[in-house]
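Worksheet: the structure to be examined is printed underneath.
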Amino acid sequence: MKLEQGQRLVMIGDSITDCERKFPHGEGLFQGVGKGYVALVDALLQTAYPELSVRVTNMGIGGNTVRDLKSRWQTDVLDLKPDWLTVMIGINDVWRYFDQPNIPESHVLLEEYEQTLEELAKSAQPEVRWLVIMTPFYLEPNPEDRMRKRMDEYGQAARRVAERTGAGFIDIQAAFAPQFEYVHPTAIASDRVHPGLSGHMIIARALLQELGFEWERMKG
């Protein structure tokens, strides 16, 4: 396990991260961390590593783009002084092309996405011990589907940012791929974007593997 005793793990992103978390800070009792992958990560860390007393904080906000993250980066990331930080953003940056095609100012072009994500990553790195960048995703097995293809382009941009900044990287799109051999994407997420609990567990598992989680600890 890469996390150490008393460290703080902050996760920021859009609605996939948010998942009805508590405001202003998503932590504490009564599902303060929300009901998605952040809650699963928190529960598994507290169960398997109670001695570490890791503090998990959910700072996702539904509908956010990387542009929105930039506007709240100081208060919602840097001021919280995380030891570990995960960023998963980009779904809305892409989605606005398709659900708001006639409102171009809502679209975040690939260049802006990549430049802004790198700017945010670099600003956080002096403050955090480790940064993990996670790709956006669209639950469509056909890579030539228009939205899936655009999402993959943003995922590759996230990969490039991670490579240039030395951040950790998780390909969430790839993490979902094995499921498509057995179930239709709508069984994971009816709108191909907002997953049910099993989909959130896929995200949580991928992140925990990056954190060095030892699954043997769950055997009791």
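Along the sequence shown, residues are numbered consecutively beginning with 1.
For Lys2, the NZ atom counts as densely surrounded, since its 6.0 Å shell holds more than 12 non-hydrogen atoms of other residues, nucleotides or ligands. The 12-atom threshold is exceeded at CD of Gln5, counting heavy atoms of other residues, nucleotides or ligands nearer than 6.0 Å. Within 6.0 Å of the CD atom in Glu20, the count of heavy atoms belonging to other residues, nucleotides or ligands does not exceed 12. Environment of CZ in Phe23: crowded, with over 12 heavy atoms of neighbouring residues, nucleotides or ligands closer than 6.0 Å.
A salt bridge links Arg164 with Glu114; the closest basic N to acidic carboxylate O contact falls under 4.0 Å. Look at Glu4 and Arg55 and you find no salt bridge, because none of the NZ, NE, NH1 or NH2 atoms lies under 4.0 Å from a carboxylate O. No salt bridge links Lys149 with Asp145; every basic N to acidic carboxylate O contact stays at or beyond 4.0 Å. Checked for salt-bridge contact, Glu118 and Lys122 meet the test: a charged N lies under 4.0 Å from a carboxylate O. Under a 4.0 Å N-O distance rule, the pair Lys22/Glu27 does not qualify as a salt bridge.
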Steps toward side chain to side chain contact (heavy atoms under 4.5 Å, CB included) verdict (Ile203, Phe137): CA-CA 11 Å; Ile203 300 172; Phe137 60 87; 4.0 Å; yes

Side chain to side chain contact (heavy atoms under 4.5 Å, CB included) evaluation trace for Ile133 with Val161: CA-CA 8 Å; Ile133 295 174; Val161 170; 3.7 Å; yes

Step-by-step side chain to side chain contact (heavy atoms under 4.5 Å, CB included) determination, Thr86 to Leu207: CA-CA 9 Å; Thr86 72; Leu207 176 54; 3.8 Å; yes

Side chain to side chain contact (heavy atoms under 4.5 Å, CB included) evaluation trace for Val94 with Val108: CA-CA 7 Å; Val94 173; Val108 178; over 6 Å; no

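Here the side chain of Ser190 pairs no donor or acceptor atom with the backbone of Thr186 at under 3.5 angstrom. In terms of modelled atom types and a separation under 3.5 Å, the side chain of Tyr154 and the main chain of Ile89 share no donor-acceptor contact. With hydrogens and angles disregarded, a donor-acceptor distance shorter than 3.5 Å links the side chain of Gln173 to the backbone of Tyr138. Looking only at distances, a side-chain donor or acceptor of Glu140 sits under 3.5 Å from a matching main-chain atom of Asn142. Proximity of a side-chain donor or acceptor of Arg8 to a complementary backbone N or O of Leu80 within less than 3.5 Å is detected.
Note on ring orientation: taking the six-membered ring where Trp is involved, the planes of Tyr37 and His200 are parallel (angle under 30°, cut-offs 30° and 60°). Using a 30° and 60° split on the angle between ring planes, His194 and Trp95 fall in the tilted class, from 30° to 60°.
Linking Ile, Leu, Val, Met, Phe, Trp and Tyr whenever their side-chain heavy atoms come within less than 4.5 Å leaves Val66 and Ile61 in two separate clusters. By the rule that hydrophobic residues join a cluster once side-chain heavy atoms approach within less than 4.5 Å of another member, Val128 and Trp73 end up as members of one cluster. Cluster annotation: Ile202 and Tyr182 are assigned to the same hydrophobic cluster (Ile/Leu/Val/Met/Phe/Trp/Tyr, side-chain heavy-atom contacts under 4.5 Å, transitive). Criterion: ILVMFWY side-chain heavy atoms under 4.5 Å apart, direct or through other members. Under it, Val54 and Met218 are part of a common hydrophobic cluster. Criterion: ILVMFWY side-chain heavy atoms under 4.5 Å apart, direct or through other members. Under it, Val183 and Ile172 are part of a common hydrophobic cluster.
In this structure, Arg21 CZ and Gln31 CD are separated by 14.5 Å, a value rounded to the nearest 0.5 Å. In this structure, the separation between CZ on Arg129 and CG on Leu3 is 10.0 Å, given to the nearest 0.5 Å. Taking CH2 from Trp130 and CD from Glu210, the interatomic distance works out to 7.0 Å, rounded to the nearest 0.5 Å. Rounding to the nearest 0.5 Å places CD1 of Ile12 at 10.0 Å from CG of Asp68. Taking CG of Leu45 as the reference point, atom CE of Met1 lies at 5.0 Å (rounded to 0.5 Å). Atom CH2 of Trp215 and atom CZ of Arg205 lie 7.5 Å apart (nearest 0.5 Å).
Considering only heavy atoms from C-beta on, Leu9 comes within 4.5 Å of Val41 through its side chain. With contacts defined as side-chain heavy-atom distances shorter than 4.5 Å, the pair Tyr97/Leu109 qualifies. In this structure the side chain of Phe176 reaches within 4.5 angstrom of the side chain of Ile188, judged on heavy atoms. Two residues are said to be in side-chain contact when any heavy atoms from C-beta on lie closer than 4.5 Å; Asp93 and His107 fail this criterion. Side-chain atoms of Glu163 and Phe169, non-hydrogen and from C-beta on, never get closer than 4.5 Å to each other. Side-chain contact check for Phe180 versus Leu139: some heavy-atom pair is nearer than 4.5 Å. Side-chain atoms of Val193 and Ile16, non-hydrogen and from C-beta on, do get closer than 4.5 Å to each other. A 4.5 Å side-chain heavy-atom check between Leu69 and Val87 finds at least one atom pair inside the cut-off.
The two residues Pro136 and Met151 come nearest to each other via the heavy atoms CB-SD, 3.7 Å. The shortest non-hydrogen separation linking Pro178 to Ala175 is CD-O, 3.4 Å. The two residues Asp18 and Asn58 make their nearest non-hydrogen contact at O-ND2, 3.2 Å. The two residues Glu51 and Arg217 make their nearest non-hydrogen contact at OE2-NH1, 3.3 Å. Taking all atoms of both residues into account, the shortest heavy-atom contact from Leu131 to Ala121 is CD2-CB, 3.5 Å. Minimum heavy-atom separation, Gly155 to Thr135: O-CG2, 3.8 Å.
Note that Arg146 lies outside the cation-pi zone of Phe98, set by a 6.0 Å cut-off to the ring centre and a 45° limit from the axis.
Legend: residues meeting side chain to side chain donor-acceptor pair (under 3.5 Å) with Trp84, ordered by chain and number and at least two apart, are Gln7. With sequence neighbours left out, Gln156 forms a side-chain contact (heavy atoms from CB on, under 4.5 Å) with Arg159, Arg160.
Gln115 and Glu119 are not linked by any side-chain donor-acceptor pair at a separation below 3.5 angstrom, with hydrogens and angles left out of the test. Side-chain contact, Arg96 with Thr65: no donor N or O sits under 3.5 Å from an acceptor N or O.
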